[in-house]
Amino acid sequence: MNNHRIKKVVIAGGGTAGWLAAAALSRQLGALVDIELVESDAIGTVGVGESTIPTICSFHALLGIDEAEFMRETQATFKLGIEFENWGREGDRYVHGFGQLGKANWMGEFHQFWLHAQSLGFGGDIGEYCLETQALNARKFGTSDKPVLNYAYHLDATRYARYLRRRCEAREGERGVKRTEGKIRRVTTNSESGYIESLVLESGAVVQGDLFIDCTGFRALLMGETLGCGFEDWNHWLPTDSAFAVQSELVGEARPNTRAIARSAGWRWQIPLQSRMGNGMVFCSDYQSDDAARAQFLSEIEGAPLFDPRLIRYRAGRRRNAWEKNCIALGLSSGFVEPLESTSIHLIMIGITRLMQLFPLDGVTPGLRNRFNALSRDELEKVRDFVVLHYKATEREDSEFWRYCRHMPVPDSLAERMALFRESAQVHRTADELFRSDSWVQVMLGQHLRPQAYHPMGRLMTEAQLRQALQSLRGNIRAAVDRLPGHQQFINQYCRAAAPETV
């Protein structure tokens, strides 16, 4: 226990994690603590987190961010979900839409009604009952209150960090953020407590603080190298370990969705921004060489690449503690699942939110630290299980990689969820869990995990009543989609960005 009052927070590293932390802490706690961020322009960022999930909207509201301004500054487009191709079987396509499936009741969820209709030979595709999925398919979008769409963004991560930095520096006279340029040469700790005391820069400058936030990426300079906080490896459940990333010219209009296209040893993404396409190839180096992955990646890119693809190595897993002594890890320094389902920026934001809720103003205590670590561990493990589901729930046997994924053991927590759904179509979900039941249902059904039985509540309606109810739901959704403008049309009038300079 350290009863030393927290007067100064030092953030080690910039990028998305560092500047999100700086922006939130300065806005919400700037009257109570000083904040200094140390980063070097000479150190690049990973910058592949260009796709987000809807929780970003509420976090931006917390920061007082104007949506149209942010979107212009970051070349952003809207995102209604993810289109998955070739995951369950080659040639498959399904959508994980961000909205609600149909209408549930107190007894159970909508898919139970739908499964009964399927047994009677009608009902169509489950995606027909999700407004966001149908708007995605029609390439429509709008932010009016009728209809209300759940959405996220595709954004340029480099521009996003710059945008946040400009906002922070503009507030410096209002207890904003002090930015210090420089590379960290070493980290000093107290010989008795082991707590971090300062960052020593290559220039010789010393940055002292009371609470430190590690945003140094995969290196985890503070949490890993200095404090020796161990790493729990999840590679046996999430076998991909490498990614190529490149921007390319945008061909056609930007779509309101991310594409995740399964390949022989992993998958590739397409993330459309206003003026270019973000592309990546995620693969497992045990099953595909760098050269083969790069060649396959370049052969499939639509539009001319804007530079040579960058190779990124990573390990799926987490730090055993997200808070160790007087240091909190955010972003890649705390752990990484992988780009699938676009959770990286969310995990940064929820980590910052949790820190502000448990902020140790009067000193770090074991209770605060243990609570933070327990919540962080639970959050990340549930996200991990949802991502592992995509690899496990496959019928593909056409490559060594997919054979491994289909037959690999999975965490008990995921095995139990899959067994429950397979037996009874029930979806277990806790109240504070990131991915809703509708998300689990869309992925499990989309990848052919078919339940053997379902809840009998659908049988309480006559076949004619059920048929009419489903037709009405689909008709209402079609009418709502028809009223929406095109995605590109809406962007052009709402948040059209200037032609970008070279980044």
Item to check | Ionic contact status for Arg167 with Asp66, cut-off 4.0 Å | outcome: no

Item to check | Heavy-atom donor-acceptor pair, Asp241 side chain to Ser285 backbone, under 3.5 Å | outcome: yes

Checklist entry - Looking only at atom types and distance, does a side-chain atom of Gln274 sit under 3.5 Å from a main-chain N or O of Ala76, one as donor and one as acceptor? => result yes

Checklist outcome for this item: To the nearest 0.5 Å, atom CZ of Arg496 lies from atom CD1 of Ile491 at 7.5 Å

Item to check | His428 and Glu416, any side-chain heavy atoms less than 4.5 Å apart | outcome: no

Next on the checklist: If you apply the rule ring-ring contact (aromatic ring centres under 6.0 Å, His included), what do you find for Tyr151 with His487, and how did you get there?
Outcome noted: CA-CA 12 Å; Tyr151 64 88; His487 178 240; over 10 Å; no

Item to check | Glu397 backbone acceptor or donor facing Arg403 side chain under 3.5 Å | outcome: yes

Checklist entry - Which distance, rounded to the nearest 0.5 Å, do you find between the CD1 of Ile82 and the NE2 of His390? => result 6.5 Å

Checklist entry - Is the shortest side-chain N to carboxylate O distance from Arg467 to Glu463 below 4.0 Å? => result yes

Item to check | Minimal non-hydrogen separation, Arg396 against Asn86, with atom names | outcome: NH1-O, 2.9 Å

Checklist entry - Parallel, tilted or perpendicular for Trp402 and Trp87, by the 30°/60° rule? => result perpendicular

Next on the checklist: To check you understand the geometry: which heavy-atom pair defines the closest contact between Ala17 and Gly331, and what is its length?
Outcome noted: CB-CA, 4.3 Å

Next on the checklist: Would Val246 and Ile301 count as a side chain to side chain contact (heavy atoms under 4.5 Å, CB included) here? Give the steps.
Outcome noted: CA-CA 9 Å; Val246 72; Ile301 290 176; 3.4 Å; yes

Item to check | Glu50: which of Arg159, Arg276, Lys79 passes salt bridge (charged side-chain N to carboxylate O under 4.0 Å, His left out) | outcome: Arg276

Checklist entry - Short question: side chain of Tyr391, backbone of Gly266 - any donor-acceptor pair under 3.5 Å? => result no

Next on the checklist: Arg165 vs Leu37, test: side chain to side chain contact (heavy atoms under 4.5 Å, CB included). Steps then yes/no.
Outcome noted: CA-CA 10 Å; Arg165 173 181 167 180; Leu37 184 146; over 6 Å; no

Checklist entry - Is the NZ or CZ atom of Arg384 both under 6.0 Å from the centre of the six-membered ring of Trp234 and within 45° of that ring's axis? => result yes

Checklist entry - Can you list the steps and then say if Asp385 with Trp440 is a side chain to side chain contact (heavy atoms under 4.5 Å, CB included)? => result CA-CA 10 Å; Asp385 284 1; Trp440 285 88; 4.2 Å; yes

Next on the checklist: Strictly distance-based, threshold 3.5 Å: is any side-chain N or O of Ser399 a donor or acceptor partner for the main-chain N or O of Ser264?
Outcome noted: yes

Next on the checklist: Once rounded to the nearest 0.5 Å, what's the spacing between atom OG1 of Thr74 and atom CG of Leu273?
Outcome noted: 8.0 Å

Next on the checklist: I'd like to know if Glu300 pairs up with Arg268 as an ion pair, taking the criterion as any Lys NZ or Arg NE/NH1/NH2 lying under 4.0 Å from an Asp or Glu carboxylate oxygen.
Outcome noted: yes

Checklist entry - Are side-chain heavy atoms of Leu445 and Pro451 found at a separation under 4.5 Å? => result yes

Next on the checklist: Holding to ring pair (Phe, Tyr, Trp, His ring centres under 6.0 Å), I want the full list of residues that pass it with Tyr163, two or more places apart in sequence or in another chain.
Outcome noted: none

Next on the checklist: Do Leu101 and Glu109 make a side-chain contact, defined as non-hydrogen atoms from C-beta onward lying under 4.5 Å apart?
Outcome noted: no

Checklist entry - Has the side chain of Ser472 got a donor or acceptor atom that lies under 3.5 Å from a matching backbone atom of Gln468? => result no

Item to check | Distance-minimising heavy-atom pair for Lys392 and Arg406 | outcome: NZ-O, 2.9 Å

Item to check | Any donor-acceptor N/O pair, Arg294 side chain to Leu311 backbone, under 3.5 Å | outcome: no

Item to check | Atom pair OG1/NZ of Thr430 and Lys382 - distance to nearest 0.5 Å | outcome: 4.0 Å

Item to check | Shortest non-hydrogen contact from Leu298 toward Pro305 | outcome: CD2-CG, 4.2 Å

Next on the checklist: For Phe490, run the side chain to side chain contact (heavy atoms under 4.5 Å, CB included) check against Pro485, Pro256, Cys495 and tell me which one passes.
Outcome noted: Pro485

Checklist entry - Who pairs with Glu73 by salt bridge (charged side-chain N to carboxylate O under 4.0 Å, His left out), at least two apart in sequence or on another chain? => result Arg166

Item to check | Distance-minimising heavy-atom pair for Leu238 and Ala316 | outcome: CB-CB, 3.8 Å

Item to check | Arg478 bridged to Asp482 by N-O distance under 4.0 Å | outcome: no

Checklist entry - Is there side-chain contact between Arg93 and Phe84, with heavy atoms separated by less than 4.5 Å? => result no

Checklist entry - Is Leu80 close to Thr133 at the side-chain level, that is, under 4.5 Å between some pair of heavy atoms? => result no

Item to check | Any Ile477 side-chain heavy atom under 4.5 Å of Leu131 side chain | outcome: yes

Checklist outcome for this item: Separation between CG (Leu355) and CD1 (Ile213), nearest 0.5 Å, reads 5.5 Å

Checklist entry - Without hydrogens or angle criteria, can the side chains of Asn492 and Gln488 be said to hold a donor-acceptor pair below 3.5 Å? => result yes

Next on the checklist: Strictly distance-based, threshold 3.5 Å: is any side-chain N or O of Gln28 a donor or acceptor partner for the main-chain N or O of Leu62?
Outcome noted: yes

Item to check | Main-chain N/O of His346 paired with Thr343 side-chain donor or acceptor, under 3.5 Å | outcome: no

Checklist outcome for this item: The salt bridge (charged side-chain N to carboxylate O under 4.0 Å, His left out) partners of Arg422 (sequence neighbours excluded) come to none

Item to check | side chain to side chain contact (heavy atoms under 4.5 Å, CB included) assessment of Thr240 paired with Phe401 | outcome: CA-CA 9 Å; Thr240 64; Phe401 173 80; 4.0 Å; yes

Next on the checklist: I'd like to know if the side chain of Arg436 reaches the main chain of Phe98, judged simply by a donor and an acceptor atom lying under 3.5 Å from each other, with no hydrogens or angles considered.
Outcome noted: yes

Checklist entry - Any side-chain heavy atom of Leu434 sitting closer than 4.5 Å to one from Ile350? => result no

Checklist entry - Between His111 and Ala425, what is the shortest heavy-atom contact and its length? => result NE2-O, 2.7 Å

Checklist entry - Using 30° and 60° as the class limits, which term best fits the ring planes of Phe78 and Tyr153: parallel, tilted or perpendicular? => result tilted

Checklist entry - With side chains defined as the heavy atoms from C-beta onward, is the minimum distance between Tyr94 and Ile126 less than 4.5 Å? => result no

